[in-house]
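Report on the structure given below.
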Amino acid sequence: MTTLAGVFDQFDDKFYEVIAVGILAVFFGVWIVSRHFHLTAKSRHREQTRREIAAYVAEGSITPGDATRLLAAGTDNDAIEHLLKQVAEGEVDSDTAERLIHTLRPGAKPS
């Protein structure tokens with residue numbers, strides 16, 4: 001009669017090394033694929049933001065200079081801070097600022 005302990009005794013250390021390498025390979029494969037999807041989505045959202053800002057410039061809601069500064073901002077937070085300063089100075093109306101914030105952060109809720 002073969003017991004479970006007897007089955008494990010038949011395996012040597014090489015078997016466990018192969019299993020460990022296989023698990024690592026699967027982990028890194030999943031990581032590489034998920035990283036690719038993340039970077040693709042990030043690029044797609046960045047391009048969508050650029051197109052929406054260009055549309056605001058085309059309709060005259062913001063000036064080309066403001067659009068350039070928004071696009072050149074390092075992070076979304078920098079762009080939002082710059083936009084809020086422009087609203088405070090009266091350069092951009094609040095409705096346009098709200099639409100631009102939704103462009104930069106699609107999940108943001110209006111306050």
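Only a predicted model underlies this, so the values are computations on that prediction, with no experimental measurement involved. Throughout, residue positions are numbered sequentially from 1 according to the sequence presented.
Legend: residues meeting salt bridge (charged side-chain N to carboxylate O under 4.0 Å, His left out) with R35, ordered by chain and number and at least two apart, are absent. E89 pairs by the side-chain hydrogen bond (donor to acceptor under 3.5 Å, both in side chains) definition with nothing, not counting sequence neighbours.
The hydrophobic cluster of V21 has no other members, since no ILVMFWY side-chain heavy atom comes under 4.5 Å of it.
When all heavy atoms are compared, the tightest approach of D93 to V87 is O-CG2, 4.3 Å.
Taking CH2 of W31 as the start and NE2 of H36 as the end, the distance is 13.5 Å to the nearest 0.5 Å.
The side chain to side chain contact (heavy atoms under 4.5 Å, CB included) with V57 is formed by just one residue from the set D66, T63, I62; it is I62.
In this structure, S43 contributes its side chain and L39 its backbone to no donor-acceptor pair below 3.5 Å.
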